[in-house]
Amino acid sequence: MVANIKDKAVICGIGNTEFSKNSGVSELNLAVRACKAALDDAGLSPADVDGMVTFTMDTSDEIEVARALGVGEMTFYGRAHYGGGAATATLHQAAMAVATGMAETVLCYRALNGRSGHRFSSGVSGTITTADAIHWGWYTPYGLLTPASWVGMFTQRWMHLTGVTKDALYEVAKATRDYAANNPAAFFHGQTFDRAEYDAQRMISTPLQLFDCCQESDGGSAVLVTTPERARDLRQSGVAIRGVAQCAARDQEQMTSFYRQEFAGIPEMERAARDAYAMSGLGPEDIDAAVIYDAFSSIVLWQLEAWDFCGFGESGDFVQDGALRPGGRLPVNTHGGQLSEAYIHGVNGIVEAVRLVRGTSVNQPAKTVEHALVTSGVGIPTGGALLGKQD
Amino acid sequence: MTDYRTLAFEEVEVGDKLPSLEIEITTGLIVSTALATRDFEPVHHDKAVAQATGLPDVFMNILTSQSFMTRFVTDWSGPEAVVKSVDIRLGAPNVPGMVMTVTGRVQAKDDDAGEVEVAVAGENNIWGMHMEGCVRLQLPGS
Amino acid sequence: MNDEQQQAFEQCLYRFVGRQVCARTAAKDAVNEAMIRHWAETVGDANPAYTDAQWAARSARGRIIAPPAMMYSWNQEGFPVVAQGRAPDAQTELVDLFNENGFTGVLGTNVKQEYYKEIGLGERVHLEMVIDNISEQKATARGIGYFFETLASFSDQHGDLIGTQRFRVLKFIPPETAAAADGGGAEQDTLQTPTRIAAPRGHDNSWWWEACDQGQVLIQRCRNCQTLRHPPRPMCGECQSLDWDSIESCLEGELLSFTELHHPRIPGYPLPLICGVIRLREGVNLVANIVGAEEQALAIGMRVQGKVEQVDEKTMLPQFYPAENGVEK
């Protein structure tokens, strides 16, 4: 069992910029505005911030964000690695810093011009950083250059082993589209969607078609983490981090762990789930709603299994029974997810998970959400967090 | 009989974008279109001759580029439009294995003549600009 | 070429301005349905104005018209160009003059067609062409050269003008190979066929790729505990030994998964392209392309057989085929 920091850090503020396909501003601009929005939400000022965490992939340095925001002395700053695997890892680092007293109020942020700037769909190129170059070199000559190609390879085998069909992938996509239709911040706001439209889209990398793939978006999202004591005095009711965990499992690669004896699985997420449940004292039956990282439709299914909402191979039936829907067992990605709201590398998902616990989601389920799960990207070292109302 | 619609002059605004068109460049396409335009120059059907000019393979002939320009614009306008001119600056060759994406936008309208001018660009995914220029079209009044 | 030589050359050159390339000549065939159909099929143009007689009869025009972009096609010489070469004319003479003086490079830069009159089935296009103008000497991105422009006029059987075409060509002195190798602007003009993105080679993997270049797929083996590992890495994860050698794979295996790539198109990669994960008989997995079969013919669990093949000008890669009698497990 890892160290227990249950409820020792609380999310007190959240912020998003607008999401678009062409922000027209720098990524730093987006980062700073998302951070400011999170501070405003909490009723705090930049001077109250003494820590920051972002993704290694983020282009806005902590000190640049600090200077732009007007933050004073920072006593903690850190970065989390591995693309979308860093989403809840930012929260993890912030919680550890706050719990240990290394910092009192930590901003987690991620901002990207993911559509107008560098697009992940354009593939890894010859200019990738040298640290990863050798690893990618086992895939690039064959054409495995994009996230869809890597995830397609996993998905094909997983579907073969489980018998899960495209019906389940469609349901994941369709549920996010229906939530997004009702979310004015979502790319697909106000738009209808059906199976015929899903089926008609072009193939990206078998078996993934266009609407199995997330958006490419411009935007920023931020989450503010502080101590339970301080959180009690702030504008919003606090959302406590009940459990948080990360894991890089054996024979882990970034997106391409094809050299495991069995690669149709995400053992790193299974471990993170066990640890987060253990830290929080919660189990899957206690989770009322979730934001599950959805760079691709299929990866939501694997995560439902990893977090033990159903057994291996059962996620297809689970979602096709309506579990992800507003009245279902586990409303999921109620903002529209990254498939249908925006792709902000999972941090817009943390924002939504906080809203679910606060009771302020635009698609708030009728039942009380005592606890919400939010996860990081999979196929990479990953993790997740369990959030609940602050006592 | 299929019902074909033609845009009326009044319906078109400067700035309107045309639906883009992707054309897969294959040896079959290059050879077939060259012969359909009666262009039997060996560089358009004989790889060895094309390679002797320093290119990797046979390449698309100019009459075909002109043909794709007009097709792209009349696909959008409908069949009653009358093509008045096609003015092209030629760029990199189209060779097999490439994909050319053709895009266009209305850049001017001439009310007196009932003509619109469409800026068109055809870019292949490997060497970039293959053709760019403009097509003038006369559209019927509403 | 010194100033004097240039003057002499240009004197000859500019005499071509205004010279007729061909006198008004009738096309071999009148505008006809068959040639229009061939054109429409290959260009993928479904415009009913060219091919749908029923629609055309009810259209504002009342008849089928020839595609305007075919204007030049009617007068093309056709197959005799291949068989006998082009008959000499003012344009071939001009090109010869350029070539003799070192301006061997050729590049069509602009073509403009204007259409004055639509023509229908049975009408006959007549073409005449002149060399309309020749520029002064220019320094272009391709090299020193001259632009010349031909003007073609198209008329119908009554002599009424159908349209014109202006075609502008650059004749230039190609940069010498040696000069290009020195770097500079010329290099950017070299059109290269893109190839697969190669794996960067470092201490831990270059030996593997060098063997691949020679047609072999090797599997790294721990010299201490004999454990095989792929991809290569410096230490054995089982016994932490740094000592290793390798064995050559038989490239027989089982297909564990595959994905067929459709989008995006990336230079150097012919699509669709199938990638797979293969469990080699030696026990380690290998990522490679699956070739020699449509995706529909593939199944997880089937036997595959690989060989190292040259996939483009610069790249040797293991490629796997469904094995003979490649039955599902």
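We name chains A, B, ... by the order of the sequence lines, and we start the count at 1 in each one.
- Atom OG1 of residue B/Thr33 and atom NE2 of residue C/His38 lie 13.5 Å apart, to the nearest 0.5 angstrom.
- Taking the side chain as every heavy atom from C-beta outward, C/Asn47 and B/Tyr4 never approach each other to under 4.5 Å.
- Here B/Leu63 contributes atom CG and C/Met71 contributes atom CE; the two are 10.0 Å apart, rounded to the nearest 0.5 Å.
- Of the two parts of C/Thr109, only the backbone, made up of N, CA, C and O, holds a non-hydrogen atom closer than 4.5 Å to a non-hydrogen atom of chain B.
- Side-chain contact check for B/Gln66 versus C/Gln165: some heavy-atom pair is nearer than 4.5 Å.
- Taking B/Asp46 as the reference, nothing meets the salt bridge (Lys or Arg N to Asp or Glu O under 4.0 Å) condition, with sequence neighbours excluded.
- To the nearest 0.5 Å, atom CH2 of residue C/Trp39 and atom OG of residue B/Ser32 are 14.5 Å apart.
- When heavy atoms are compared at a cutoff of 4.5 Å, B/Leu29 approaches chain C solely by way of its side chain, counted from C-beta outward.
- Counting non-hydrogen atoms of neighbouring residues, nucleotides and ligands closer than 6.0 angstrom, the CD atom of C/Glu93 exceeds 12 such neighbours.
- At a threshold of 4.5 Å between non-hydrogen side-chain atoms, the residues B/Thr70 and C/Pro67 do not count as touching.
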Are C/Ile266 and B/Asn125 close enough, and set up right, to give a side-chain contact (heavy atoms from CB on, under 4.5 Å), and what steps lead you there?
-> CA-CA 8 Å; C/Ile266 291 173; B/Asn125 58 331; over 6 Å; no
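- In this structure, B/Val82 and C/Arg61 have side chains that are in contact, with non-hydrogen atoms separated by less than 4.5 Å.
- Chosen from B/Ser85, B/Pro79, B/Ala36, the residue pairing most often with chain C at heavy-atom distances under 4.5 Å is B/Pro79.
- With a 6.0 Å radius and a threshold of 12 heavy atoms from other residues, nucleotides or ligands, C/Tyr72 has its OH atom at or below the threshold.
- For the atom pair CD1 of B/Ile30 and OG1 of C/Thr42, the computed distance is 12.5 Å after rounding to the nearest 0.5 Å.
- Among all heavy-atom pairs drawn from C/Val43 and B/Arg71, the shortest one is O-NH1, 2.9 Å.
- Interface check for chain B: of the options C/Gly44, C/Ala40, C/Pro270, C/Ala49, the most heavy-atom pairs under 4.5 Å are formed by C/Gly44.
- Contacts of C/Glu114 with chain B are made by both backbone and side-chain atoms, with heavy-atom separations under 4.5 Å.
- Using a 4.5 Å cut-off between heavy atoms, B/Ala34 makes no contact with chain C at all.
- Contact tally against chain B (heavy-atom pairs below 4.5 Å) for C/Pro48, C/Ala60, C/Gly163, C/Ala46: the top residue is C/Pro48.
- Ranked by heavy-atom pairs under 4.5 Å with chain B, the first of C/Glu118, C/Arg168, C/Gln76 is C/Gln76.
- Here B/Lys84 contributes atom NZ and C/Tyr116 contributes atom OH; the two are 9.5 Å apart, rounded to the nearest 0.5 Å.
- In this structure, chain B has a heavy atom under 4.5 Å from the side chain of C/Lys28, while its backbone stays farther away.
- C/Phe167 touches chain B through its side chain: at least one heavy atom from C-beta onward sits under 4.5 Å away, while N, CA, C and O do not.
- With values rounded to the nearest 0.5 angstrom, B/Glu80 atom CD is found 4.0 Å from C/Trp55 atom CH2.
- Heavy-atom pairs under 4.5 Å with chain B were tallied for C/Ala69, C/Ser73, C/Pro267, C/Gly108; the largest tally goes to C/Ser73.
- B/Val86 and C/Tyr115 make their closest contact through CG2-OH, 3.6 Å (heavy atoms, listed as atom of the first residue, atom of the second, distance).
- When heavy atoms are compared at a cutoff of 4.5 Å, C/Ala56 does not approach chain B at all.
- With a threshold of 4.5 angstrom between heavy atoms, C/Glu313 does not approach chain B through any atom at all.
- With a 4.5 angstrom heavy-atom cutoff, C/Pro68 touches chain B only via side-chain atoms.
- Residue B/Glu11 qualifies as enclosed at atom CD: its count of foreign heavy atoms under 6.0 Å is above 12.
- Remark: C/His126 engages no residue in a side chain to side chain donor-acceptor pair (under 3.5 Å) (not counting sequence neighbours).
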